[in-house]
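So the structure is just underneath, and the comments pick up after that.
We name chains A, B, ... by the order of the sequence lines, and we start the count at 1 in each one.
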Amino acid sequence: MERKVQTRREGLPELPNLNGQKPILRFAPNPNGPLSFGHSRGLVINGEYAKDLDGELILRFDDTDTTVKPPMMEAYDSIPIQQEWLCGFPAHRIVIASERMEHYHEYAKKMLDGGFGYVCTCSAEDFKVHRVGMTECPCRDNSIDENLERWSKMNDPKEYQPGDAVLRVKTDMTLKNPALRDWPAARIQTNPHPRVGNRWRVWPLLDFQSAVEDYLQGVTHIIRGKDLMDSTRKQTLLYAHFGWEYPETIYWGRVKVHEFGAFSTSQMKRDIAEGKFSGWEDPRLPTLTALSRRGIQPEALRAFWVELGLTQKDIAVPLSTLYSHNTKAIDIKAPRLSFVRNAFPVVLNGEYPKEGTIQSHSDTEMPPRKYSIDEGVWIEKEDSSKPIRLKDLCDIDADGNVESIDRSDKRPVVHWVAGGTSSKLVIASGQDLETVEGILEDNTHPVGTIVQLERIGYAILEEDGLLMVHD
RNA sequence: GCUCGUAUAGUGUAGUGGCCCAUCAUGAAGCCCUCUCGAGGCUUCGACCCGGGUUCAAAUCCCGGUACGAGCACCA
């Protein structure tokens, strides 16, 4: 009996409603800090589609909030670098929202002119009562002229102050979903923006700014977290007012990586300021710079996210899944090296080759490593005082007497160092930084080389020691 | 409370009515190879949330239940 082999879809699912067009995708972080692991999903998914379908990836800085999550100037420079590192190509366009404010103002005014927006002077608390009670606020029925006048008052420093008035999109106060009822589109902020200072007073909120910008840029597909589902619905209502067609939208669910815990950009910023972490590159942090420093390869990150796919399911994945992809990326080019922790000296008695070479990598043609022994070697304390096989050298008994050059039995094979240099291996485990002292085999690999420490795992050579990649 | 969404092995994932006693990866266990607890090869383990309905036929469609998650900000 023959059974047909089931066809399994490889990679990302097909993009819906492509209709032969090249997709225009975007990834829009808030530049209030460097990119982190969480951002990498959006970058990878949007980037892979843009690359595979010969479309375009827009990198957009949604930096219209100067109060709650104010922008950080260095992020404007670091984010494009991190984006290119991760995606493997630079974004086709970079859009900075704070420099396109005149467009948002233009469409805000069109909204008022068209009678589908209004300036609301109710307090947030008062409006909440209307939202919950499905009642209309008094500002809703004001004339277009009244609204235009109030709009200019919002923009006038001598008139409305922050909190006095917001611009709202007129939807329907009896909509089933409370989130959609006359949602806010813009508000007054007087904190200076790091890029454009106090040039603007009325700033758009995400749902409005993003919607207008997606339209202006001709975005065809929006792929984002399902927490933004209501954003889509709000923006679709706005698009209907303008007579635009909303892009195809796809969502992914929440991802929890247990080892990373709950890091937020603002929390990390505080912890770094308090000295809890050494900086954005601290190997304990889930930032892209830290991951890169720790030897995580961009292709591993890409394979990881593509494999998780685009389901709306909430998932929890262990970091070991990412590590498994990373091993595939680094093993083939990682030279082997010995690092002896808790070094214990063993004097060798008997005949054995005092000089020789050992393979650097059993599956590649890497130049072999040389060793030279005076009278003994270092082994790990845990391996001492029992018969062992010194890897690639000889069998010895518990006292260091050489028993055989060839492997004679199934005794454990142990790594060792002759000479060597004392070094340290730093291991980031959760919130802790563990340092292990040891002796590293002499080598000429440059800083930044990812090596495999035999019987320990992968590590990256740094100026002052070794940083554990993963095992 | 209201609204929206999701539910396949330990963890992820494929699968849109019959090729499914369910795919692939990861994980665990074991074997082979290898002078690493690495890499590679092989074997084994292990799942369609529950209850109804539609149908000749349901993991797949419909309805309830349950669980989990998200939104209801003058944050993104």
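For residues 184-197 of chain A, proximity to RNA chain B is found at A:Pro184, A:Arg187, defined as any non-hydrogen atom under 4.0 angstrom from a strand atom. Contacts between residues 199-213 of chain A and RNA chain B, defined by a heavy-atom separation under 4.0 Å, are made by A:Leu205, A:Leu206.
With a cut-off of 3.5 Å on both pairing distances, the Watson-Crick and G-U wobble pairs of RNA chain B assemble into stems of 3 or more at B:1-7 with B:66-72, B:10-12 with B:24-26, B:27-32 with B:40-45, B:49-53 with B:61-65.
Using a 30° and 60° split on the angle between ring planes, A:Phe116 and A:His241 fall in the parallel class, below 30°.
Side-chain N/O atoms of A:Ser40 and A:Trp305 include a donor and acceptor closer than 3.5 Å. A donor-acceptor contact under 3.5 angstrom links the side chains of A:Tyr458 and A:Asp331, judged on distance only. For the residue pair A:Thr121 and A:Tyr160, no side-chain donor N or O sits within less than 3.5 Å of a side-chain acceptor on the partner. Side-chain atoms of A:Asp230 and A:Asn177 form a donor-acceptor pair, as typed in the model, at a separation below 3.5 Å.
The nucleotide whose nearest atom lies closest to any side-chain atom of A:Ile315 is, among B:rG12, B:rC4, B:rU11, B:rG12. Of the candidates B:rU26, B:rA39, B:rC37, B:rC37 carries the atom nearest the A:Arg455 side chain, counting heavy atoms from C-beta on. Set against B:rU36, B:rC75, B:rA39, the side chain of A:Lys69 has B:rC75 as its closest nucleotide. Of the candidates B:rU36, B:rC74, B:rC4, the closest approach to any side-chain atom of A:Lys176 belongs to B:rC4.
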Practice prompt. Report the C-alpha separation of A:Glu248 and A:Asn17 in whole Å, then their side-chain angles, then the decisive distance to 0.1 Å, and conclude whether the side-chain hydrogen bond (donor to acceptor under 3.5 Å, both in side chains) test is met.
Written response: CA-CA 7 Å; A:Glu248 191 69 28; A:Asn17 280 329; 2.6 Å; yes

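A salt bridge (charged side-chain N to carboxylate O under 4.0 Å, His left out) check over residues 169-187 of chain A, counting only residues at least two apart or in different chains, returns the pairs A:Asp65-A:Arg187, A:Arg140-A:Asp182.
With a 6.0 Å cutoff to the six-membered ring centre and a 45° limit on the axis angle, A:Arg168 does not count as a cation-pi contact of A:Phe208.
Residue side chain A:Glu307 does not reach the base of B:rU26 through any donor-acceptor N/O pair under 3.5 Å, judged by distance alone.
Close to B:rG12, at under 4.0 Å from its OP1 or OP2, lies no side-chain N or O of A:Lys313. Side-chain N/O atoms of A:Thr311 include none lying less than 4.0 angstrom from OP1 or OP2 on B:rU6.
Taking atom P in both B:rG65 and B:rC4, one finds a spacing of 14 Å when rounded to whole Å.
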Give every pair of a protein N or O atom and an N or O atom of nucleotides 47-50 of chain B that lie under 3.5 Å apart, one pair per line with the distance.
none

Discussion item. Return a single string for nucleotides 63-71 of chain B, one symbol per nucleotide in 5' to 3' order, where B is base contact, S is sugar-phosphate-only contact and - is none, cutoff 4.0 angstrom on heavy atoms.
Written reply: ------SSB

